[in-house]
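Below is one structure, written out as structure tokens; the observations come after it.
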Amino acid sequence: MKNVNKKHIISFVLIVAILLVFFYYAFQTLTGKEKNFSQFFIINLFPCVFIAFIDFLIINAVYKYFKIRNIYLHITLDLFISSLFSILVIILGNLMLGGPSILDGDPEIMKSTIFIVLWNSIIVLLIEIFFYNQRQIEAENKMAVMEKEKIQYQYETLKAQVNPHFLFNSLNVLASLAYEDAEKANLFAKKMSGVYRYLLMTNEHPTVSLKEELKFLDSYIFLEKIRFENNLLIKLNNTTDGNRKVIPVSMQLLLENAVKHNITTSNHPLTVHIEISEEGITVTNNLQLRKTADHGGVGLKNLQKQYALYNKAIRIIKTDHSFIVKMPFLD
């Protein structure tokens, strides 16, 4: 097994020792014979640890080479092979200590064999529990990795969706500016290229600094202000360090979310407040929902999943007049 460490080995030896103590008293009670505990423990500890280690190797080999799906059949095979090995060890041990004559109907050897087989069966069951627990942990870790990859894919897909939608609107604005104000059109094109450069640069970066995100957001706000003019009011206040970590395009997604779902006209201007402090980022907008807007909130949900990967949570507060999103920093 790949996940066996020192803690597992120490625990394994302790369990063997505890079982040995238990079987010492059980053996003494059933046979009525008293034995020196220290002598019994010292003589039997190494053979028992050795047998338990071989049991572990046997079970590992069975899992590796025999693809048995029935758990009961699996355990039965483990018990059978390990019990045969235990009996073989007892026979060889007695032959080495007393010669062939010691096996001629000695009842003590029979009792010892029964106790060793019972003790070995408990060890096998405990090892099976360990293997089962390891498989469960591996399965959970695998599922967690798959879920993380799935969420990451959803987020990348969402960022990819920003490109054509945003490009279409930006090109329309740029086409209009080209006839009205060449200087402003030139500046618009530069800001637009900066936005796409950022999207390309951060495509494979899970986090960016607040400073980088704010620079990108400044370009994005410029483009949106050209598009909506005085119908969109954005107020930004930053009182924290620019090296704090955030998820790329997260602030842009919140700003886009506000524009997408709310009316933005001269009669009903949209006001967005972005407050950045040591506690995190708070984006607030006045609530004037569009009747035709999609209220599924896919972008916001995917952003919440991204933060969950870092054990962080986004707070969403909705009142009768405002919509507030609070994002923590990742560091």
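The shown structure was predicted, so the numbers you read here are calculated from the model rather than taken from an experiment. This chain uses plain numbering: 1 for the first residue, then up along the sequence.
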What are the two closest non-hydrogen atoms of [X] and [Y], and how far apart are they?
X	Y	result
Glu212	Val208	OE1-CB, 3.5 Å
Ser209	Gly242	CB-O, 3.6 Å
Pro328	Ala313	CD-O, 3.3 Å
Ile58	Ser82	CD1-CA, 4.0 Å
Pro248	Pro206	CD-O, 3.1 Å
Gln288	His268	NE2-O, 2.8 Å

Check whether any side-chain heavy atom of [X] lies under 4.5 Å from a side-chain heavy atom of [Y], and answer yes or no.
X	Y	answer
Leu236	Leu214	yes
Leu255	Leu217	yes
Leu210	Ile281	yes
Ile234	Leu232	yes
Ser219	Lys215	no
Val283	Ile324	no
Glu278	Arg244	yes
Ile274	Thr282	no

Would you find a donor on one side and an acceptor on the other, under 3.5 Å apart, between the side chain of [X] and the backbone of [Y]?
X	Y	answer
His261	Asn257	yes
Glu213	Met251	yes
Asn238	Thr240	yes
Glu229	Ile226	no
Asn262	Ala258	yes
Ser83	Phe80	no
Ser322	Thr319	no
Lys184	Leu177	no
Asn286	Thr271	yes
Gln304	Arg315	no

**OP:** Tell me yes or no: between the side chains of Glu128 and Tyr63, is some donor less than 3.5 Å from an acceptor?
**Re:** yes
**OP:** Determine whether the side chains of Asn237 and Glu275 contain a donor N or O and an acceptor N or O closer than 3.5 Å.
**Re:** yes
Original post:
Which of these, Leu253, Val246, Leu254, sits in a side-chain contact (heavy atoms from CB on, under 4.5 Å) with Ser250?
Top reply: Val246
**OP:** Name the orientation class of the two ring planes belonging to Phe216 and Tyr198 (parallel below 30°, tilted from 30 to 60°, perpendicular beyond 60°).
**Re:** parallel
**OP:** Starting from the C-alpha separation in whole Å, work towards a yes-or-no answer on salt bridge (Lys or Arg N to Asp or Glu O under 4.0 Å) for Arg135 and Glu138.
**Re:** CA-CA 5 Å; Arg135 291 199 307 274; Glu138 287 174 3; over 6 Å; no
Subject >> Asp331 and Asn243: CA distance, side-chain angles, deciding distance, side-chain contact (heavy atoms from CB on, under 4.5 Å) verdict >> reply: CA-CA 10 Å; Asp331 54 350; Asn243 293 320; over 6 Å; no
Original post:
What about Phe56 and Phe131, are their ring centers closer than 6.0 Å?
Top reply: yes
Counting only heavy atoms not in [X] (residues, nucleotides, ligands), do more than 12 fall under 6.0 Å from its [atom1]?
X	atom1	value
Lys245	NZ	yes
Lys211	NZ	no
Gln136	CD	yes

**OP:** Establish, for the pair Lys191 and Phe222, whether the NZ or CZ atom is under 6.0 angstrom from the six-membered ring centre and no further than 45 degrees off its axis.
**Re:** yes
Subject >> Path from Leu57 to Ile127 over hydrophobic side-chain contacts below 4.5 Å >> reply: yes
**OP:** Could you go through the side-chain contact (heavy atoms from CB on, under 4.5 Å) check for Leu289 and Phe323 one step at a time?
**Re:** CA-CA 10 Å; Leu289 294 173; Phe323 188 83; over 6 Å; no
